[in-house]
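Naming: A, B, ... by sequence-line order, numbering from 1 per chain.
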Amino acid sequence: MSTLSAVLTDLIRAAATAAGHADAPVPLDPCVPTNDSRHGDYQSNFAFRLGKALRTNPRAVAESIVAHIPENDIIAKAEVAGPGFVNLTLADAWLAQNVLENSDVAAATPQIGADKTVVIDFSSPNVAKRMHVGHLRSTVIGNALARLHRFCGYTVVSDNHIGDWGTQFGMLIAAWGTDRNDDAYAADPVAELQRLYQDYKKRIADDSELLDIARAETAKLQAGDPASRALWEEFVRVSLDEYGRMYDRLGVTFDVTLGESFYNPVLAELVSGLLERGIAEVDDGAVIVRFTNDDGKGLGKNPLLIRKSDGASLYGTTDLATIDYRQKTWGPDRVLYVTDVRQQLHFRQLFAAAKKIGWDNDFQHVWFGMLRLPGGEVAATRSGVGETLSSVLDTAVAHARTVVDGKSGDLPEDERAAIAEAVGIGAILYTDLSQNPQTDITFEWDKMLALEGNTAPYLMYALARIRSIFRKVGVTVAPGPIQFTDPVERELAILVRRTPVVIGQACENFRPNFLAEHLFQVANTFASFYGQCPVIVDDADLRASRLALCNVTAEALTAGLRLLGLTPLERM
RNA sequence: GCGCGGUUAGCUCAGCUGGAUAGAGCGCUGGCCUCCGAAGCCAGAGGUCACAGGUUCGAUUCCUGUAUCGCGCGCCA
C-alpha cells in the first residue's frame, strides 16, 4: 500500500507536469510531514529545487504547482506559504478511510526485502562464561534488527556465532581435573566454569608449569582425544542451556547457532589456499593479508592476521571461513554483524579481505557504543566488572513486581508475575533500543528500572488502556467509520498511518530507535486523545469512530512492541 | 602519528534524504482522579545546537579547520 507521502508526492508530480515543469532536470522532493499543524499535514518543498533549476522565483513556481493540482478527493487544502512552501491538508473523509484500510500494519508495510536474504550475526557470547550486562546491547539490538528485517519481507538467518573454541578450553579442562567443586557445578555450572577458568588463569602467572599443562590439554582436545572432546561438549551444552534461558526471557531467537568450532576443520585449508593464490603472505612467521590504502582508508598499515607464527588460527581466520560458509549455504544479499565499536577496524579488514578473495557482498558492521558502568569502567568478564545478566533481569522484574502489586493488587498472582516479567525486562530492553545504538551508554539502575516517562511501560500502558475500553464495551460493538471531531484525532490517525514507513526506515538504517521514538509519539498522542475524547459515549457514530481510532492505535502499538522484542499486555 | 565516533536544556538523550518558532524523558513550578486505568493528562520555566570559516534561498543537519572527550591501530576476541 502506498504511503501518505507517496500519494501526495504523486499529486505534486502531476501538478508540476501540468504546470509545464516536467522537463526540469531535478529529482522530485518527496512530501514530508509538517512539524507544526498550522502548516497543514504534509508539505512539499519541491518549488525551491524547481525554482532554482528554472531560475525562477520559487514562490511563483509553488503557486503554479498549487494551481495545477489535478482534481482529487485527497487534498482538502493546498496553499503556498513563505518563500515557496506548499502546505497540504488531507481531506478528512479520505484520510479516515485510508487509515482504516491500512490498519493492518503487517499488510501495510512495504516488503522491501522480498526475495532477499539477510544473515544477522549477533549476541555471540563466549562459552563457559556467564552473560553479563555487556552482552545486552548486541543481543537486544540484533534481535530487533532481525524482527524488523523479517517484517519487511527479508528471509532472515539469525546466527549466534558463539565463542566455543580456543586456548581457554585447555585451561578449563586442566582446572576441571584438579580444582572443580561438584556441588557448585551442580548448582550453577557456568558460574563454576567461569570460576575455574579465572582462578587457573591467575595461578598461571606464578606457575609456568600450569601453562604447559594447559597447552597439553589444548593439544589433546584439538587432536580429538575422546575424553577431552566429551568435556568440551559438556561445557558447551551447559553454557547454551543457560544462554537459552536468557534468550527466552529476552524474547530472542536464533535460527542457527554456529560457533567458532564449527569452522575449525576448514581453517588450515583456507589459509594455505590463500597463500597459494598470493592473497595472503608470510610475514614475520605469521600469515597476513596485506592491504593498500585503496582497499580502505588507513588499511595500508593494518593487515589482517590469519595465522599466528605458532600455527594457530585467529578470529579473522574463522570469520573468513564463516563468510564462505554463509555465502554457499544461504547466498545472502546482506550480512549484518552487530558488535561494539571496538571491532570497527577488524571488520573493515575482514570485509576488505573478503573482497580480495572474491566474496564481496553487502557486509554491514552495525556497531554500537560502549556500555560503561557508573565508575567509567567497561563491563567485561575478564575484569570481573559488572552484574550478571540474570541478576540484572531479576532486579528489574522484582522492582516491577512491587509496582504491579501496588497498582494492580487485585489481579491474580500468576498474572501479576507475568506482568512484572514483561514490564521489568521491557524497561531494560527499551532503555537500550530507544537510544541511537552508536551512542555510548552508561549503566544506571535508575534509568534501567524507570517505569514512567518515555519507557516501555508507557507504551504498554497505552495499549492496556485501549484493551480495557474494548473489554468494557464488549466485543460485539464493532468499530465504525472514523470522523474527526477534535484535532488530536486527526493527529493520532496520521501518526498511526505512518507506522509502516517508520518500520522501513528503522530497518534500512539499522536504527531501532526510530521505531521506539515513533511508538512513543503514538502512545503520547493517544494519551492526549484519551484525556480529551471520551470513547464510551451515547452517540453511537461517535463511539464507533473513536473505537476505530483505538483499534488502529492498538494495532500499531502491538506490532511495534513486538518488533522491539517487547510483550504487549492486556492488563498491567 | 593514522583511523572511527562524540560535543544539543541542570542531568540523560532524540533530531528521519538540509526546511518555517530546535524536541523528549528525568528534575523543577502550578493545575487535573464523585468522569473509559493518575505507570496518566494540561500548563510553565529552562538552549549562542563546542568554536571558526565555507556551500545554500535556507545549516543542529553537508564540507574544511580548531578545541576537547572516547575507542581502535600485528600474533586476544
Side-chain angles (χ1 to χ4, degrees), chain A residues 27 29-30 32-36 38-39 43 45 48 51-52 57-59 81-85 87 124 126 163 166-168 260 283-288 296-310 312 314-316 318-319 339-346 348-349 367 369-370 372 378 382 400 403-404 406-408 423 434-436 438-442 444 446-447 450-455 457-458 460-462 464-473 501-502 505-506 509 511 513-514 516-518 520-521 524 527-528 530-532 534-537 546 550 571-572:
Chain A
D29 271 355
V32 295
T34 57
N35 53 18
D36 186 329
R38 282 176 301 179
H39 299 138
Q43 66 185 68
N45 303 321
F48 293 112
K52 175 155 186 154
N57 179 350
R59 174 143 188 132
F85 297 106
N87 293 335
S124 308
N126 284 326
T167 53
Q168 74 267 27
E260 294 170 352
D283 188 279
D284 226 2
V287 177
I288 62 171
K297 207 170 172 184
L299 284 189
K301 292 190 167 183
N302 291 289
L304 177 69
L305 207 54
I306 58 173
R307 191 169 75 193
K308 302 202 283 185
S309 48
D310 67 1
L314 296 100
Y315 79 136
T318 311
D319 282 352
T339 83
D340 75 48
V341 59
R342 290 175 299 183
Q343 298 199 37
Q344 261 182 133
L345 176 61
H346 169 69
R348 295 214 303 130
Q349 294 171 312
W367 59 269
M370 308 293 296
R372 287 203 160 65
V378 173
R382 197 176 353 168
V403 175
V404 174
K407 293 180 185 292
S408 305
V423 167
S434 60
Q435 214 165 94
N436 182 337
Q438 300 192 340
T439 306
D440 284 352
I441 185 168
T442 300
E444 289 165 299
D446 286 354
K447 204 154 92 180
L451 307 177
E452 292 172 3
N454 186 357
T455 61
Y458 181 87
M460 298 160 103
Y461 182 66
R465 280 167 138 184
I466 295 173
R467 293 286 178 239
S468 175
I469 290 173
F470 277 98
R471 273 196 301 275
K472 205 142 283 178
V473 298
V501 179
V502 176
Q505 288 171 342
N509 293 289
R511 296 286 295 278
N513 69 301
F514 287 175
E517 163 81 15
H518 177 255
F520 177 70
Q521 279 183 38
N524 190 228
S528 297
Y530 187 90
Q532 49 197 101
V535 175
I536 303 174
V537 292
R546 289 181 175 167
C550 285
R571 299 187 286 192
M572 59 188 282

Grab the [atom1]-[atom2] distance between [X] and [N] for me, whole Å please.
{"X": "A:Glu517", "N": "B:A14", "atom1": "CD", "atom2": "P", "value": "10 Å"}
{"X": "A:Asn45", "N": "B:A20", "atom1": "CG", "atom2": "P", "value": "9 Å"}
{"X": "A:Asn57", "N": "B:C57", "atom1": "CG", "atom2": "P", "value": "13 Å"}

- Query: If each of A:Leu314 and A:Val32 is mapped to the nucleotide of RNA chain B with the nearest heavy atom, which maps nearer the 5' terminus, i.e. the 5' end?
  - Reply: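 Per heavy-atom nearest nucleotide, the more 5' residue is A:Val32.
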- Query: Mapping A:Phe48 and A:Tyr461 onto RNA chain B by nearest heavy atom, which one lands closer to the 5' end?
  - Reply: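 Between the two, 5'-proximity favours A:Phe48.
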Closest to the [X] side chain, choosing from [options]:
{"X": "A:Asn35", "options": "B:G37, B:A20, B:C71", "value": "B:A20"}
{"X": "A:Ile536", "options": "B:A20, B:C36, B:C73", "value": "B:C36"}
{"X": "A:Arg342", "options": "B:C71, B:G37, B:C16", "value": "B:C71"}
{"X": "A:Val535", "options": "B:A20, B:G37, B:C36", "value": "B:C36"}
{"X": "A:Leu305", "options": "B:A77, B:C75, B:C4", "value": "B:C75"}

Quantified in whole Å, what is the [atom1] atom distance between nucleotide [N] and nucleotide [M]?
{"N": "B:G46", "M": "B:U29", "atom1": "P", "answer": "16 Å"}
{"N": "B:G44", "M": "B:G37", "atom1": "C1'", "answer": "27 Å"}
{"N": "B:C2", "M": "B:U55", "atom1": "C1'", "answer": "28 Å"}

N or O in side chain of [X] less than 4.0 angstrom from [N] OP1/OP2:
{"X": "A:Lys472", "N": "B:C36", "value": "no"}
{"X": "A:Ser309", "N": "B:C75", "value": "no"}
{"X": "A:Arg465", "N": "B:A39", "value": "no"}
{"X": "A:Arg511", "N": "B:A14", "value": "no"}
{"X": "A:Thr339", "N": "B:A77", "value": "no"}
{"X": "A:Asn513", "N": "B:G15", "value": "yes"}
{"X": "A:Thr439", "N": "B:A14", "value": "yes"}
{"X": "A:Lys297", "N": "B:C4", "value": "yes"}
{"X": "A:Tyr458", "N": "B:C41", "value": "yes"}
{"X": "A:Asn436", "N": "B:C13", "value": "no"}
{"X": "A:Lys52", "N": "B:C57", "value": "yes"}
{"X": "A:Asn524", "N": "B:C41", "value": "yes"}

So does [X] reach the base of [N] with its side chain, donor to acceptor, closer than 3.5 Å?
{"X": "A:Gln43", "N": "B:A20", "result": "yes"}
{"X": "A:Asp440", "N": "B:G6", "result": "no"}
{"X": "A:Tyr315", "N": "B:A77", "result": "yes"}
{"X": "A:Asn87", "N": "B:A20", "result": "yes"}

- For A:His346 and B:A77, say yes or no: do the ring centres fall under 5.5 Å of each other while the ring planes differ by less than 30°?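 No, aromatic ring not over the base.
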- Query: Just wondering, do A:Phe85 and B:A20 stack (centres under 5.5 Å, planes under 30°)?
  - Reply: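 Yes, A:Phe85 stacks on the base of B:A20.
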Pairing partner (Watson-Crick or G-U wobble, both distances under 3.5 angstrom) of [N]:
{"N": "B:A59", "result": "none"}
{"N": "B:A39", "result": "none"}
{"N": "B:C33", "result": "none"}
{"N": "B:A22", "result": "none"}
{"N": "B:C2", "result": "B:G72"}

- Item | N-glycosidic conformation, B:C51 - syn within 90 degrees of 0, else anti |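 The base of B:C51 is oriented anti (glycosidic angle more than 90° from 0).
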- Message: Which heavy atom of A:His346 sits nearest to which heavy atom of A:Gly316, and what is that distance?
- Response: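 Of all heavy-atom pairs spanning A:His346 and A:Gly316, the closest is CE1-CA, 3.8 Å.
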- Query: Is the A:Phe48 ring parallel, tilted or perpendicular to the A:Phe85 ring (thresholds 30°, 60°)?
  - Reply: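 Correct class here is perpendicular.
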- More than 12 foreign heavy atoms under 6.0 Å from CG of A:Asp446: is that the case here?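 Counting neighbours around CG of A:Asp446, 12 or fewer heavy atoms of other residues, nucleotides or ligands fall under 6.0 Å, so no.
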- With distance as the sole criterion, is a donor-acceptor pair present between the side chains of A:Asn513 and A:Arg511 under 3.5 Å?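 Present: a donor and an acceptor within the cut-off.
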